[in-house]
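In what follows, every chain begins at residue 1, and chains take the letters A, B, ... in the order their sequences are listed.
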Amino acid sequence: MDGARMWHVFAGGNDFQWCFSQVKGAIDEDVAEADIISTVEFNYSGELLATGDKGGRVVIFQHEQESKNRPHLRGEYNVYSTFQSHEPEFDYLKSLEIEEKINKIRWLPQQNAAHFLLSTNDKTIKLWKISERDKRAEGYNLKDEDGRLRDPFRITSLRVPVLMPMDLMVEASPRRIFANAHTYHINSISVNSDHETYLSADDLRINLWHLEITDRSFNIVDIKPANMEELTEVITAAECHPHQCNVFVYSSSKGTIRLCDMRAAALCDRHSKFFEEPEDPSSRSFFSEIISSISDVKFSHSGRYMMTRDYLSVKVWDLNMENRPVETYQVHEYLRSKLCSLYENDCIFDKFECCWNGSDSAIMTGSYNNFFRMFDRNTRRDITLEASRESSKPRATLKPRKVSTGGKRKKDEISVDSLDFNKKILHTAWHPKDNVIAVAATNNLYIFQDKIN
Amino acid sequence: MEVSTEAKRIMVVALGKLYSSRTQRGGLRLHRSLLLTLVMKSARDMYHAAQATTETETTAWEPQNSTVETTTEPATGEPGTLPREEAACSPSEPLSGAENKENRCPSSPPQHSRKRRGKAAVEPDFLPCKKAKLEQANSPQQLIVSAVLMDYVNCSSELGAPPASMPLHRAIAAC
């Protein structure tokens with residue numbers, strides 16, 4: 001998936017501004033569906049960046065160290081490993097095809113030289129070990145260097161094999177396969193802060209796993225009604241608290257979030273906290289239920305806040321206040337009057353993700369027309385940027401974009417009707433420490449960095 | 001009237017999406033189907049509210065309804081509309097409404113629903129049958145789609161109390 005063209009960009013200046021760094025993926029206008037990126041995730045150090053796609057592939061990029069010759073250039077991300085994580089399967093009992101699309105990737109904290117990640121499709125979660133091999137043993141007694149067995153009569157002495165350097169090889173091997181635990185489609189996985197367990201959530205249930213044990217998991221949330229006709233809401237996302245290993249949250253299609261404490265009971269059907277903002281009756285429409293459905297929930301790194309994304313906005317919640325969010329950011333309010341069209345073309349069902357920066361001072365989420373939005377929580381400033389080949393020129397700072405909502409369209413503004421709703425940015429990731437962001441635009445991965453002074 | 005036209009359109013689109021989701025790769029998406037059901041409910045409620053305010057004639061709505069029932073596509077052969085009953089005997093689920101519209105023989109349901117036990121198999125027939133009317137009193141709370149569709153098909157504005165029929169919640173019952 002290493003792109004055909006990669007540009008290194010650096011623009012001088014003192015202001016904090018985003019500039020283009022790299023783009024990965026084919027330039028071809030004709031996008032193969034299998035290449036559509038479905039998840040993006042930095043690891044804990046930010047050294048590795050993983051993407052999953054609809055074809056079930058995982059591609060991992062590694063941050064190269066800055067070159068001594070050109071220290072003003074930040075290192076770039078290059079392909080480190082590519083492997084097929086999931087294959088399409090068929091459930092014969094239900095006559096259903098199980099898509100190989102990677103829904104989520106979550107890294108495990110690094111404990112030794114190898115890297116571990118969890119990847120999941122709709123039904124099965126896999127633990128992958130990514131390890132480097134840069135040495136090879138040579139001088140075996142029983143076989144030649146090319147692997148052929150040596151004639152026993154010709155072995156006259158015993159020697160100890162010697163480790164010789166070889167070209168770096170990165171191997172990915174599936175270490176655990178966690179299957180058959182979800183009747184419905186898995187939407188989230190989240191590694192617990194104890195580094196031993198993780199949770200997986202589907203539409204109606206959440207399971208807790210131990211990373212070492214694949215043949216059973218604990219069901220900790222079950223919202224399936226006895227009579228499915230009474231179903232009114234589903235689970236849309238779930239996440240473990242970053243520090244408290246007994247706490248997790250899950251969001252629902254009704255726009256509510258429940259915080260659960262696993263110490264309270266084995267089955268966490270009764271929440272410890274219930275977060276819901278009262279609906280504004282003046283904005284009620286046919287589509288109120290759809291647009292209030294939460295598509296993503298993310299704890300802040302501090303663990304004090306959490307952020308939710310619904311169709312039109314991002315909300316920041318203080319875990320100590322359940323009755324309303326502390327901050328609400330409008331992502332693309334101009335779409336509110338277009339909900340009927342967005343419903344007809346299915347865009348209203350798009351599930352946008354959101355992410356925090358390393359210091360929790362800013363948040364980012366995607367929109368249409370390959371736009372993505374960033375909100376500074378301290379200054380309350382927001383910016384709209386675009387991930388496109390046209391605006392990805394060497395040494396170019398990203399120009400802020402604006403959608404004109406009124407009648408008059410200013411120069412450089414784009415009208416709502418001109419937006420390309422096929423170009424949607426659903427998945428973004430922010431480096432855990434630096435101001436580097438990865439933005440998935442259909443089949444391309446854009447990497448942007450802030451300027452270095 | 002604009003509201004009711006909009007509501008009708010939304011309902012028809014929702015039905016189309018629910019129907020086409022049966023053939024979607026990866027199986028029926030519960031979340032999406034639930035949202036579509038809720039949209040239909042919203043649209044239906046608004047439609048009825050709009051109809052109630054514009055309705056002027058209330059005579060002869062009952063006989064008209066029963067006439068309409070018999071003149072619409074042939075009954076799907078649905079045995080009964082008590083939800084629990086239906087959910088229990090899913091192997092004999094009726095055809096979906098869409099197939100009904102194509103005037104297929106109603107004797108194929110068992111085979112069809114046995115093979116496809118997902119949500120698709122229990123997608124309700126959106127047009128009512130005679131037996132459905134008997135269950136009206138039992139399930140006033142459930143989302144009733146057929147009445148709206150019936151109205152759409154016949155461009156009737158004299159709906160009155162909606163007759164009961166296969167509730168749409170059935171659509172997400174056997175996921």
Side-chain angles (χ1 to χ4, degrees), chain A residues 33 54 88-101 103 121-123 183-185 187 202-205 223-237 252-254 284-295 311 339-341 343-346 348-351, chain B residues 3 6-7 9-14 16-17 20-47 82-84 86-88 90 114-122 124 139 141-143 166-175:
Chain A
E33 189 167 337
K54 275 195 168 184
E89 289 173 51
F90 198 78
D91 181 339
Y92 293 96
L93 214 56
K94 294 182 183 175
S95 285
L96 289 177
E97 193 178 359
I98 300 169
E99 282 188 284
E100 67 277 28
K101 174 168 83 94
N103 291 337
N121 68 349
D122 284 337
K123 297 288 182 183
T183 308
Y184 304 95
H185 296 104
N187 52 56
D202 67 29
D203 293 312
L204 297 179
R205 299 190 177 103
I223 64 167
K224 183 178 178 181
N227 185 356
M228 277 295 275
E229 292 175 21
E230 294 160 17
L231 184 74
T232 54
E233 65 182 325
V234 296
I235 297 168
T236 52
S252 84
S253 53
K254 274 189 172 176
R284 177 127 188 96
S285 77
F286 285 118
F287 309 106
S288 293
E289 276 114 350
I290 302 186
I291 64 169
S292 64
S293 177
I294 292 174
S295 51
Y311 191 63
L339 291 179
C340 198
S341 313
Y343 160 71
E344 287 180 18
N345 67 13
D346 262 4
I348 207 174
F349 299 102
D350 286 336
K351 294 182 183 167
Chain B
V3 172
E6 179 85 355
R9 187 155 149 240
I10 288 171
M11 282 186 291
V12 169
V13 169
K17 289 184 190 293
S20 63
S21 65
R22 294 159 69 197
T23 52
Q24 217 173 40
R25 214 178 149 232
L28 281 165
R29 301 271 155 186
L30 185 63
H31 184 200
R32 180 187 160 88
S33 304
L34 178 67
L35 291 177
L36 284 167
T37 308
L38 292 172
V39 164
M40 289 202 63
K41 190 174 189 302
S42 283
R44 177 201 165 261
D45 291 344
M46 293 209 188
Y47 177 81
L82 267 182
R84 287 172 202 83
E86 278 300 330
S90 47
R114 239 206 307 281
K115 266 189 184 174
R116 306 187 67 194
R117 288 181 52 86
K119 196 178 298 191
V122 291
S139 51
Q141 303 301 328
Q142 286 168 354
L143 172 63
M166 174 78 77
L168 188 60
H169 281 205
R170 198 71 47 74
I172 54 178
C175 185

### Query
By a 4.5 Å heavy-atom criterion (distance strictly below it), what part of A:S293 contacts chain B: side chain, backbone, both, or neither?
side chain
### Query
Side chain, backbone, both or neither: which part of A:K351 has a heavy atom under 4.5 Å from chain B?
side chain
### Message
Taking side-chain contact (heavy atoms from CB on, under 4.5 Å) as the definition, give me every residue that meets it alongside B:A14, ordered by chain and number, with sequence neighbours left out.
### Response
A:Y343, B:L36, B:M40
### Reported CZ-to-CG distance for the pair B:R32 and A:D346, which is rounded to 0.5 angstrom
4.0 Å
### Task
Calculate, to the nearest 0.5 Å, the distance between atoms CG and OG1 belonging to B:L38 and A:T232 respectively.
8.0 Å
### Query
What distance separates B:K17 NZ from A:E344 CD, expressed to the nearest 0.5 Å?
7.5 Å
### Query
Which pair of heavy atoms, one from A:S253 and one from B:L34, lies closest together, and at what distance?
OG-CD2, 3.9 Å
### Task
Counting only heavy atoms closer than 4.5 Å, note whether A:F349 contacts chain B via side chain, backbone, both or neither.
side chain
#### Entry: Straight-line distance of B:H31 NE2 to A:H185 NE2, nearest 0.5 Å
13.0 Å
### Task
Using a cut-off of 6.0 Å, state whether more than 12 heavy atoms not belonging to A:Y92 lie near its atom OH.
no
### Test: A:D122 and B:R25 ion pair at under 4.0 Å
no
### Message
Working to the nearest 0.5 angstrom, can you tell me the gap between A:M228 CE and B:L30 CG?
### Response
5.0 Å
### Query
Tell me, side chain or backbone of A:I348 under 4.5 Å from chain B's heavy atoms, or both, or neither?
neither
### Task
Grab the two heavy atoms, one from A:F286 and one from B:V3, that are nearest each other, plus how far apart they are.
CZ-O, 4.2 Å
### Over all atoms of both residues, closest heavy-atom pair of A:E99 and B:G26
CG-CA, 4.0 Å
### Query
How far does CD1 of B:I10 sit from OG of A:S285, to the nearest 0.5 angstrom?
8.0 Å
### Message
Does any backbone or side-chain atom of A:S288 lie under 4.5 Å from a heavy atom of chain B? Answer side chain, backbone, both or neither.
### Response
neither
